[in-house]
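Beneath this line is the structure, given in structure tokens, with notes to follow.
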Amino acid sequence: MKRVITYGTFDLLHYGHIELLKRAKALGDYLVVALSTDEFNWKSKQKKSYFSYEKRKQLLEAIRYVDLVIPEENWDQKVSDIKLYQIDTFVMGDDWAGKFDFVEEQTDANVVYLPRTPEISTTKIKEELKKK
Ligand code: C2G
């Protein structure tokens, strides 16, 4: 059983997120999504998501590619998550390219950066809705 993990906020869930999750799942048989908590988002990313953690978790759990959702509470949990969940592949969109290469040095997992889906982002959705 090949196990994959990815991390993110996944606010205002959109097709860019779905394309990422679909490709991440295709790299294995079991996909864990570490979902940024509201506190982590605010404290560490100065982000305030539209949907709460619970709502974002509910949406992710409804996606066929997602097998487990866990909380992302800090920047430093990736190595321990990978060991705890026996992860083979760590996946992020390539806006993070290079940022998590340490995972390959500190665990047995390989790191894959997937091309982002162009033209869509949560920020863009928010900005365009403001113009309406
Ligand atoms: N993504 C994508 N294409 C888009 C938008 C997002 O492939 N058009 C990917 C991002 O690259 C990321 C995932 O979808 O891999 C989730 O995106 P965000 O919710 O924006 O994640 P982020 O806030 O970057 O948090 O520890 C890592 C952080 O938690 C990542």
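- Enclosure of atom NZ in Lys126 by more than 12 non-hydrogen atoms of other residues, nucleotides or ligands within 6.0 angstrom is indicated.
- With hydrogens and angles left out, the side-chain atoms of Lys83 and Thr107 include no donor and acceptor closer than 3.5 Å.
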Discussion item. Between Arg23 and Thr117, does the side-chain contact (heavy atoms from CB on, under 4.5 Å) criterion hold? Intermediate values first, please.
Written reply: CA-CA 11 Å; Arg23 287 174 292 161; Thr117 302; 4.0 Å; yes
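- Atoms OH and CG, on Tyr53 and Leu60 in that order, are 9.0 Å from each other to the nearest 0.5 Å.
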Item to complete: Assess whether salt bridge (charged side-chain N to carboxylate O under 4.0 Å, His left out) is satisfied between Lys57 and Glu61, documenting all intermediate values.
Response: CA-CA 6 Å; Lys57 181 171 187 280; Glu61 287 173 339; 2.8 Å; yes
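- Phe100 and Phe90 have perpendicular rings, their planes meeting at more than 60° on a 0 to 90° scale where under 30° would count as parallel.
- Using a 4.5 Å cut-off between side-chain heavy atoms of Ile, Leu, Val, Met, Phe, Trp and Tyr, with links allowed through other members, Leu68 and Val66 fall into different hydrophobic clusters.
- From Tyr50, atom OH reaches atom CG of Leu12 across 7.5 Å, with rounding to the nearest 0.5 Å.
- By the rule that hydrophobic residues join a cluster once side-chain heavy atoms approach within less than 4.5 Å of another member, Phe51 and Ile18 end up as members of one cluster.
- Note on Glu127 versus Lys131: no salt bridge recorded, every NZ/NE/NH1/NH2 to OD/OE distance being 4.0 Å or above.
- With contacts defined as side-chain heavy-atom distances shorter than 4.5 Å, the pair Ile5/Val33 does not qualify.
- Taking 4.0 Å as the cut-off between side-chain N and carboxylate O, Glu19 and Arg116 do not count as a salt-bridged pair.
- A donor-acceptor contact closer than 3.5 angstrom is absent between the side chains of Asp11 and Thr122.
- Side-chain atoms of Leu114 and Leu20, non-hydrogen and from C-beta on, do get closer than 4.5 Å to each other.
- Taking OG1 of Thr37 as the reference point, atom CD of Glu54 lies at 11.0 Å (rounded to 0.5 Å).
- To the nearest 0.5 angstrom, Leu59 atom CG is 10.0 Å from Leu35 atom CG.
- Here the closest heavy-atom approach between residue Asp94 and residue Pro115 is recorded as OD2-CA, 3.2 Å.
- In the hydrophobic clustering of this structure, Tyr7 does not group with Leu21; members are Ile, Leu, Val, Met, Phe, Trp, Tyr whose side-chain heavy atoms approach within less than 4.5 Å, directly or through other members.
- The main-chain N or O of Gln77 is found under 3.5 Å from a side-chain atom of Asn74 such that the two form a donor-acceptor pair.
- Side-chain contact between Arg56 and Asp38 is present, with at least one heavy-atom pair separated by less than 4.5 Å.
- Counting non-hydrogen atoms of other residues, nucleotides and ligands closer than 6.0 Å to CD of Glu119 gives a total of 12 or fewer.
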Worksheet item: Step by step, would you call Leu13 with Ile63 a side-chain contact (heavy atoms from CB on, under 4.5 Å)?
Response: CA-CA 11 Å; Leu13 197 65; Ile63 298 170; 3.7 Å; yes
Discussion item. The test is side-chain contact (heavy atoms from CB on, under 4.5 Å); show your working for Lys78 and Glu72 and say whether it passes.
Written reply: CA-CA 9 Å; Lys78 294 180 173 66; Glu72 177 185 29; 3.3 Å; yes
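- Cluster annotation: Met92 and Val79 are assigned to the same hydrophobic cluster (Ile/Leu/Val/Met/Phe/Trp/Tyr, side-chain heavy-atom contacts under 4.5 Å, transitive).
- Salt-bridge formation is not detected for the pair Asp67/Arg3: no Lys NZ or Arg NE/NH1/NH2 atom is positioned less than 4.0 Å from an Asp or Glu carboxylate oxygen.
- No side-chain heavy atom of Tyr113 sits under 4.5 Å from any side-chain heavy atom of Val91.
- Side-chain atoms of Asn110 and Glu104, non-hydrogen and from C-beta on, do get closer than 4.5 Å to each other.
- Applying the ring pair (Phe, Tyr, Trp, His ring centres under 6.0 Å) rule to pairs touching residues 15-46 yields Phe10-His17, His14-His17, Phe40-Trp75, sequence neighbours excluded.
- Side-chain atoms of Tyr85 and Ile70, non-hydrogen and from C-beta on, do get closer than 4.5 Å to each other.
- More than 12 heavy atoms of other residues, nucleotides or ligands shown are found within 6.0 angstrom of CZ on Phe102.
- Under the 4.5 Å side-chain criterion, counting only non-hydrogen atoms from C-beta, Lys2 is not in contact with Leu27.
- Between Lys45 and Ser36 the shortest heavy-atom distance is NZ-OG, 2.8 Å.
- Proximity of Val4 to Ile87: side-chain heavy atoms (C-beta onward) are nowhere separated by under 4.5 Å.
- Within a 6.0 Å radius of CG in Asp29, other residues, nucleotides and ligands contribute more than 12 heavy atoms.
- With values rounded to the nearest 0.5 angstrom, Asp95 atom CG is found 8.5 Å from Lys99 atom NZ.
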